[in-house]
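FYI, the numbering just counts along the sequence from 1.
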Amino acid sequence: MSSQNSMPCNSENQSTLVAGKKRIRSSSVCVWLSPDEQAKIRERMADMGIRNLSAYIRKMALNGYVLHVDLAPVKEIVSLQRRCANNLNQIAVRANTYGGVYPDEIKTLQKDYTDLWGPLSELLEKLSEVVAL
């Protein structure tokens, strides 16, 4: 049994300083769990990407749910947007320096923006489904 599990659960045993900072929360709550319940909580925490048990339990107790958002599609869209902006900037520099723009460059920009709108509209649909919950 770890010392964390065997420590009595009352606020007198909690120090007021944690890592050199004053503790914001001064009250503790003790919850008894079976090993299966504790494993299930740890599994749900891992699914949500949360490592702090106290934060997870506090969030669940106060709000009733934890919303886990996968930001991978957003990162992809941001990357596409950066590439489009970079291409547009290069074409603007070329147009201002040499006075002309090649039609192929315009077609490439149009394709990049089309590629950007596909994932963006999918992401917006997923976000509307989340909001509808």
Side-chain angles (χ1 to χ4, degrees):
M1 183 180 270
S2 71
S3 64
Q4 184 181 29
N5 291 339
S6 62
M7 181 181 246
C9 194
N10 59 30
S11 57
E12 287 113 29
N13 292 332
Q14 301 293 321
S15 64
T16 57
L17 291 177
V18 176
K21 297 180 182 177
K22 191 169 183 176
R23 182 181 293 274
I24 296 171
R25 295 173 181 91
S26 60
S27 299
S28 65
V29 175
C30 186
V31 178
W32 293 95
L33 303 169
S34 70
D36 291 340
E37 290 169 334
Q38 186 173 14
K40 186 66 174 176
I41 289 172
R42 295 278 183 194
E43 181 182 320
R44 287 183 179 173
M45 284 175 54
D47 289 345
M48 295 293 128
I50 298 173
R51 293 179 296 217
N52 185 319
L53 178 63
S54 180
Y56 175 78
I57 290 175
R58 185 171 40 255
K59 180 75 173 165
M60 291 299 293
L62 294 173
N63 298 342
Y65 64 92
V66 173
L67 182 62
H68 176 68
V69 180
D70 181 16
L71 296 178
V74 174
K75 290 178 183 178
E76 179 184 347
I77 289 171
V78 168
S79 175
L80 287 171
Q81 192 276 334
R82 283 186 183 141
R83 281 188 252 152
C84 288
N86 187 39
N87 291 344
L88 183 60
N89 187 45
Q90 289 175 359
I91 289 173
V93 167
R94 186 172 297 140
N96 290 329
T97 304
Y98 302 110
V101 178
Y102 296 110
D104 290 342
E105 292 172 337
I106 303 268
K107 287 180 184 175
T108 301
L109 272 178
Q110 288 172 335
K111 182 190 175 301
D112 288 348
Y113 279 106
T114 302
D115 292 346
L116 178 63
W117 277 107
L120 182 59
S121 61
E122 289 175 16
L123 178 64
L124 290 174
E125 286 177 18
K126 289 179 183 177
L127 286 174
S128 4
E129 290 172 7
V130 169
V131 171
L133 297 176

Side chain to side chain contact (heavy atoms under 4.5 Å, CB included) evaluation trace for Y113 with T108
CA-CA 9 Å; Y113 279 106; T108 301; over 6 Å; no

Measure the [atom1]-[atom2] distance between [X] and [Y] for me, rounded to the nearest 0.5 Å.
{"X": "I77", "Y": "S121", "atom1": "CD1", "atom2": "OG", "result": "8.5 Å"}
{"X": "Q38", "Y": "E43", "atom1": "CD", "atom2": "CD", "result": "13.0 Å"}
{"X": "K111", "Y": "C84", "atom1": "NZ", "atom2": "SG", "result": "9.5 Å"}
{"X": "D112", "Y": "Q81", "atom1": "CG", "atom2": "CD", "result": "11.5 Å"}
{"X": "S34", "Y": "K40", "atom1": "OG", "atom2": "NZ", "result": "12.0 Å"}

Using side-chain heavy atoms (C-beta onward) and a distance below 4.5 Å, is L53 in contact with R42?
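Of all side-chain heavy-atom pairs linking R42 with L53, at least one is under 4.5 Å.
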
Do I91 and L109 touch side chain to side chain, with heavy atoms closer than 4.5 Å?
yes

Any donor-acceptor pair under 3.5 Å linking the side chain of [X] with the backbone of [Y]?
{"X": "N96", "Y": "A92", "result": "yes"}
{"X": "Q90", "Y": "N87", "result": "no"}
{"X": "T114", "Y": "Q110", "result": "yes"}

Please check if M60 and V31 belong to a single hydrophobic cluster, counting links between Ile, Leu, Val, Met, Phe, Trp and Tyr side chain heavy atoms closer than 4.5 Å.
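Linked, M60 and V31 end up in one cluster.
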
ILVMFWY network linking I50 to L62, side-chain heavy atoms under 4.5 angstrom:
no

Tell me whether the count of non-hydrogen atoms from other residues, nucleotides or ligands lying under 6.0 Å of CZ in R58 goes above 12.
yes

Assess the residue pair Y56 and R44 against the criterion (side chain to side chain contact (heavy atoms under 4.5 Å, CB included)); give the C-alpha distance rounded to whole Å, side-chain angles, the decisive distance to 0.1 Å, and a yes or no.
CA-CA 9 Å; Y56 175 78; R44 287 183 179 173; 3.4 Å; yes

